[in-house]
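All figures in this text were calculated on a predicted structure; none of them were measured in a lab. Counting starts at 1 for both ligands and their atoms, in listed order. Just so it is clear, the values below take in all heavy atoms, side chains as well, and ignore hydrogens, waters and symmetry mates.
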Amino acid sequence: MGETKVHIHEFQEMMRRIYFHRDCERGIAGTYEWLTEEVRELGEALNANEKADLEGEFADVAAWLASLANITGIDLEKATLRKYDKKCPKCGHMPCECTL
Ligand SMILES: [Zn+2]
């Protein structure tokens, strides 16, 4: 089975087509709550160290982040590449040379 590759922008657009009507009804605060819940579940999956669960939880976090971006009018691909385009935004290097 061939793998489908999509850019962040296309993933966000796909989430828009699937969920935008629901995300709009729920609103920003409610959608943010779901995102934090999914991040918490990702933490549990990391602790349990179950690969299948881990993939699903990463997918959920990405999906809810895309939903939140859709209803706040943020283009995730533009935003992430603007800030993290081939360099650390703090030190300006790749790899990052910031001191901890
Ligand atoms: Zn850095």
D60 CG to E37 CD distance, which is reported to the nearest 0.5 Å: 10.0 Å
Flag, side chain of H93 to backbone of C91, donor-acceptor distance under 3.5 Å: yes
Distance (rounded to the nearest 0.5 Å) between F58 CZ and D53 CG: 12.5 Å
For the Zn ion (ligand 1): protein N/O/S atoms at distances below 2.8 Å: 4
Chi angles and distances behind the side chain to side chain contact (heavy atoms under 4.5 Å, CB included) call for E57, E38: CA-CA 7 Å; E57 295 305 336; E38 293 301 340; 3.3 Å; yes
side-chain hydrogen bond (donor to acceptor under 3.5 Å, both in side chains): pairs with one or both residues in residues 17-35, sequence neighbours excluded: D23-R26, D23-S67, R26-T31
Polar side-chain atom of N70 near backbone of M15 as donor-acceptor pair, under 3.5 Å: no
